[in-house]
2 protein chains.
Amino acid sequence: MYRLTESFPYLVNRVGVRIGEAFSRRLEARGVTLPMYRVMAALWEQGDQRLGDLAAVTSVEMSTLSRLVGAMVGKRLLSRRRPEENGRAVEINLTPQGRALVEDLMPLAIRHEALALRGFTPEEVARLKQDLGRVFANLVAYEEEIAPPPP
Amino acid sequence: MYRLTESFPYLVNRVGVRIGEAFSRRLEARGVTLPMYRVMAALWEQGDQRLGDLAAVTSVEMSTLSRLVGAMVGKRLLSRRRPEENGRAVEINLTPQGRALVEDLMPLAIRHEALALRGFTPEEVARLKQDLGRVFANLVAYEEEIAPPPP
DNA sequence: CACTTATATTTGCAAATGCAAATGTTGCAT
DNA sequence: ATGCAACATTTGCATTTGCAAATATAAGTG
């Protein structure tokens, strides 16, 4: 028998929403929104990226991201320039201020995650993350079955 | 060393967004949005509820939900009435049409979940869902530490 | 019983989102 | 070279969202 509240998508969404809200409240005091944090953390981790890559990494729609990046450039957190070798792309990077800010926020993120995972052993955490990775891979594989990339 | 893309909130969000998008595309053909489906499935599972309860169950903000319910009442999927014993509350329920529709959609949801969890054993699925429940409980407990409910 | 306080939902309004169309670039084929 | 398809991002516009204020009902208090 089917129950929404025991379904996997429901359980994931519920955790995702709550964990996001809680962290957003933490970030608020620093004048940063959660999407902004994610963008900065992605850039910190992977270095400069094009908009499309960033959209894929952060799970944010490209048009939304385009505007968000614009606002963050305005705040001097990011830089945005067209590379010479490919003038239709946009290379986005952290400014020194953006880097300093995100490095300042990272301990917050670490504490927040630890809080969410209270009571889990390191092995359980590793397994849980691995499972989420497996699910994600399933979803990607499924989307490719539906709309196969051009051969 | 901290990496956004290995953090639990990131991994959960990524799966939540993708799984929601994929299911939304499925629902689109039936003229239903994902929040609508969640509301109907919650009502199907738990019977009639007040708006606040529904908001808690579905992780949707109450004002958003109020409007959504209004739209769904307009589509004859839900009914909404003030109970006699407490005239400030609103009791929301499925109409026969709403019930028929959600029952029609549930097989879709089941298939969709199975797809996301391909390759997982039943034990792994159970453990994964349990873990998500534990995390949720942690988040709720944490929020209560921050803002303790009136004694 | 008037009057404040608490509960439950709705509404106003500004900001965020997402699709589709527009813009700007590049590369390929004649 | 010129035109045409492909790529990458931005913008227009309608919808959705979320906070805060407004509304409506109920319950306590002197």
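Letters A, B, ... mirror the listed sequences (proteins, then strands); counts begin at 1. Computed over heavy atoms, backbone and side chain alike; hydrogens, waters and symmetry mates excluded.
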Please state how far atom CG in B:L34 lies from atom C1' in D:dT15, giving the value in whole angstrom units.
16 Å
Would you say B:Y10's side chain and A:V57's backbone share a donor-acceptor pair under 3.5 angstrom?
yes
Any donor-acceptor N/O pair, B:S24 side chain to B:G20 backbone, under 3.5 Å:
yes
Whole-Å distance, A:E85 CD to C:dG27 C1', equals 15 Å
Could you tell me how far apart B:E84 (CD) and D:dT25 (P) are, to the nearest whole angstrom?
14 Å
CA sep, side-chain torsions, deciding dist, call: B:K129, B:E124, salt bridge (Lys or Arg N to Asp or Glu O under 4.0 Å)
CA-CA 9 Å; B:K129 289 184 178 180; B:E124 285 177 321; over 6 Å; no
Length of the line joining B:I92:CD1 and C:dT10:P, which is rounded to integer Å:
7 Å
Taking for each residue the nucleotide of DNA chain C with the nearest heavy atom, is it A:T33 or A:G87 whose nucleotide lies nearer the 5' end?
A:T33
Out of curiosity, A:F136 CZ to A:S59 OG, how far, rounded to the nearest 0.5 Å?
6.0 Å
Not counting sequence neighbours, which residues clear side-chain hydrogen bond (donor to acceptor under 3.5 Å, both in side chains) with A:E21? List them please.
none
Please report, rounded to the nearest Å, how far the P atom of C:dG24 is from the CZ atom of A:R81.
21 Å
Kindly write out the residues that satisfy side chain to side chain contact (heavy atoms under 4.5 Å, CB included) with B:D131, not counting sequence neighbours, or none if the list is empty.
A:F120, A:R127, A:L128, B:R127, B:R134
Reading nucleotides 7-14 of chain D 5' to 3', which nucleotides get B (base under 4.0 Å from a protein heavy atom), which S (sugar-phosphate only), which -?
BSBSBBB-
In this structure, how many angstroms lie between the P atom of C:dA15 and the CE atom of A:M72, rounded?
18 Å
